[in-house]
Amino acid sequence: MTEQTSKVWMEEAWQRVAAKVGRTSVRIGDSFPYVSIDGRYNAEPCDWWTNGFWPGLLWLLYRETGEARLQALAESCEAKLDEPLQGYEQLHHDVGFMWSLSAVANYKLTGNTLSKRRALTAASHLMGRYNARGHFLRAWNGGDQQGWAIIDCMMNLPLLYWASETTQDPRFRHVAVEHANMALKEFVREDGSVYHIVCFDPETGERHEARGGQGYAADSAWSRGTAWAIYGFTLSCKYTGDLQYLQAAKKIAHYFLANLAEDCVPNWDFRAPLEENMAKDSTASACAASGLLELSRLVPAAEAKLYASAGAKIVQTLYERYGAWDCDDEEALIVMGTANRPRQTYVNVPIIYGDYFFTEALLKLRERTELFW
């Protein structure tokens, strides 16, 4: 494919993204979409973990278009998130997903000091989930989950890194590094696959077991968890310069790419038995693509093309095979995501973070490499 041909499909894809989000944002407004049901995005309560992705998508479009209406919607979403931010009991480990893509994005683009304060408050709450015995950030809030850590949390660490850079206080970064080092040791397997859940004794920090979580089994390879790990370790390297995170991201990326289907969308778990109407997960591809493109910017030039080309191929394939561009009865951009196959929750449906990561990756291909993370 020539460079000119690449620019043609990228520009076409971007125009379709901008047009579609422009249309759907009129109905969705400042609600919190999560999954598209029968072509229409639902609306979640204010404390739901994915509530940063819609304002994040709006901020991506605002950055490119300068459209004040999109800014106003994103800021209204951010203001609604004050309820869980101040409520405390509703908060969980995914505050990075929620406030990196809303408040941090706003602060980076507009200099809004209230957004800065919100994001720092969220970072403080996240740091408060740190278990000093086990060197991990606790996942979820259930009473029997006090010692649980999950691979997803690698994508929440950038909020802590950002907080340290913003305040010039290293405490946030210290916690992020401790969690990342724990994940290197306890989550990443020799072949580059990763666990979803690892359980520790919350009093002693001793590792007890791994659990399947949203994957097929404890020792399987949940595809979106693999994508979280690629991007998460890449971002930890970006912030710290620690090459052990880069090596982990590369190893996990090679596992992901080696097991990726021809259409660039994996099954929900790389090791799950094949079955009729297999659950796919386009959101894993979208997240991995953005992570691969970021990874290509950190490795030596001789290696960069491998990751950049893989990321670009995934984005283009998602655009051509999984995009809902000509579907007037579908609000989402990308179809065939799976939220939680073991619980049979939202299988083979569009999911908002698939739309966000697809758009983020597409814009990286268009050389807009600034990050909200």
Hey, is [atom1] on [X] packed in by over 12 heavy atoms from elsewhere, all under 6.0 Å?
| X | atom1 | value |
| --- | --- | --- |
| Tyr34 | OH | yes |
| Asp328 | CG | no |
| Arg63 | CZ | yes |
| Gln344 | CD | yes |

Residue list, ring-ring contact (aromatic ring centres under 6.0 Å, His included) with Trp268, at least two apart or on another chain: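 If we apply the ring-ring contact (aromatic ring centres under 6.0 Å, His included) test to Trp268, skipping adjacent residues, there are no hits.
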Kindly state whether the ring of [X] and the ring of [Y] have centres lying under 6.0 angstrom apart.
| X | Y | value |
| --- | --- | --- |
| Phe270 | Tyr255 | yes |
| Trp48 | Phe32 | no |
| Tyr239 | Trp162 | no |
| Tyr130 | His179 | no |

Under 4.5 Å between any side-chain heavy atoms of [X] and [Y], yes or no?
| X | Y | answer |
| --- | --- | --- |
| Asp242 | Val177 | no |
| Leu306 | Val299 | no |
| Met155 | Tyr231 | yes |
| Ser282 | Leu318 | yes |
| Asn106 | Tyr62 | no |
| Val95 | Asn156 | no |
| Arg138 | Gln146 | yes |
| Arg23 | Lys20 | yes |

Taking [X] for the side chain and [Y] for the main chain, is one N or O donor matched with an acceptor at less than 3.5 Å?
| X | Y | value |
| --- | --- | --- |
| Asn348 | Lys280 | yes |
| Ser115 | Val104 | no |
| Glu83 | Asp47 | no |
| Asn141 | Leu91 | yes |
| Lys116 | Gly111 | no |
| Asn340 | Tyr346 | no |
| Asp269 | Gly215 | no |
| Lys238 | Arg297 | no |
| Ser164 | Tyr161 | no |
| Asp281 | Asn267 | no |

Six-ring centre of Phe357, Arg224 cation under 6.0 angstrom, axis tolerance 45°: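 Not flagged: Arg224 not positioned over aromatic ring of Phe357.
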Cationic tip of Arg189 above Tyr195 ring, under 6.0 Å, 45° of axis: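 The answer is yes; both the distance and angle limits are met.
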Under a 4.5 Å side-chain heavy-atom rule over Ile, Leu, Val, Met, Phe, Trp and Tyr, are [X] and [Y] clustered together?
| X | Y | value |
| --- | --- | --- |
| Ile37 | Val349 | yes |
| Leu81 | Leu109 | yes |
| Leu292 | Leu243 | yes |
| Tyr245 | Ile150 | no |
| Met278 | Val265 | no |

Show the nearest heavy-atom pair for residues [X] and [Y], with the distance to one decimal.
| X | Y | answer |
| --- | --- | --- |
| Tyr307 | Ala253 | CE2-CB, 4.2 Å |
| Ser100 | Trp373 | CB-CE3, 4.2 Å |
| Ala361 | Leu293 | O-CD1, 3.5 Å |
| Pro158 | Leu235 | CG-CD1, 3.7 Å |
| Tyr356 | Leu57 | CD1-N, 3.6 Å |
| Pro84 | Gln90 | CA-OE1, 3.4 Å |

Pair Glu78 + Arg118: basic N to acidic O under 4.0 Å: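 Here Glu78 pairs with Arg118 in a salt bridge, since their nearest N and O are under 4.0 Å apart.
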Ser193 and Asp191: CA distance, side-chain angles, deciding distance, side chain to side chain donor-acceptor pair (under 3.5 Å) verdict: CA-CA 6 Å; Ser193 62; Asp191 65 354; 2.6 Å; yes
Candidates Glu206, His208, Glu186 - the one meeting side-chain contact (heavy atoms from CB on, under 4.5 Å) with Phe200: Glu186
Derivation and outcome, side-chain contact (heavy atoms from CB on, under 4.5 Å), residues Glu370 and Lys108: CA-CA 10 Å; Glu370 308 94 334; Lys108 286 185 175 183; over 6 Å; no
Working for side-chain contact (heavy atoms from CB on, under 4.5 Å), residues Asp263 and Tyr322: CA-CA 9 Å; Asp263 67 353; Tyr322 288 85; 2.4 Å; yes
For Glu209, all residues meeting salt bridge (charged side-chain N to carboxylate O under 4.0 Å, His left out), sequence neighbours excluded: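 Checked Glu209 against salt bridge (charged side-chain N to carboxylate O under 4.0 Å, His left out); matches are Arg211.
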Lys80: partners by salt bridge (charged side-chain N to carboxylate O under 4.0 Å, His left out), with sequence neighbours left out: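 So Lys80 forms a salt bridge (charged side-chain N to carboxylate O under 4.0 Å, His left out) with Asp30.
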Pair Leu137-Leu160, side-chain contact (heavy atoms from CB on, under 4.5 Å): steps then yes or no: CA-CA 11 Å; Leu137 291 164; Leu160 298 179; 4.1 Å; yes
Residues Ser290, Glu360; criterion side chain to side chain donor-acceptor pair (under 3.5 Å); working and verdict: CA-CA 7 Å; Ser290 199; Glu360 183 185 77; 2.6 Å; yes
Parallel, tilted or perpendicular: rings of His196 and Trp140 (30°, 60°): perpendicular
Aromatic ring pairing Phe97/Trp228, orientation class (parallel under 30°, perpendicular over 60°, tilted between): tilted
Leu126/Phe172 under side-chain contact (heavy atoms from CB on, under 4.5 Å): CA gap, chis, key distance, verdict: CA-CA 9 Å; Leu126 181 58; Phe172 299 96; over 6 Å; no
Arg366/Glu11 under salt bridge (charged side-chain N to carboxylate O under 4.0 Å, His left out): CA gap, chis, key distance, verdict: CA-CA 8 Å; Arg366 298 178 79 243; Glu11 185 59 29; 2.8 Å; yes
Modelled atom types, side-chain donor and acceptor of Gln244 and Asn181, under 3.5 Å: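 Yes, because at least one side-chain N or O of Gln244 sits under 3.5 Å from a partner of the opposite role on Asn181.
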Side chain to side chain donor-acceptor pair (under 3.5 Å) between Asn277 and Glu275, intermediate numbers included: CA-CA 6 Å; Asn277 299 318; Glu275 59 186 11; over 6 Å; no
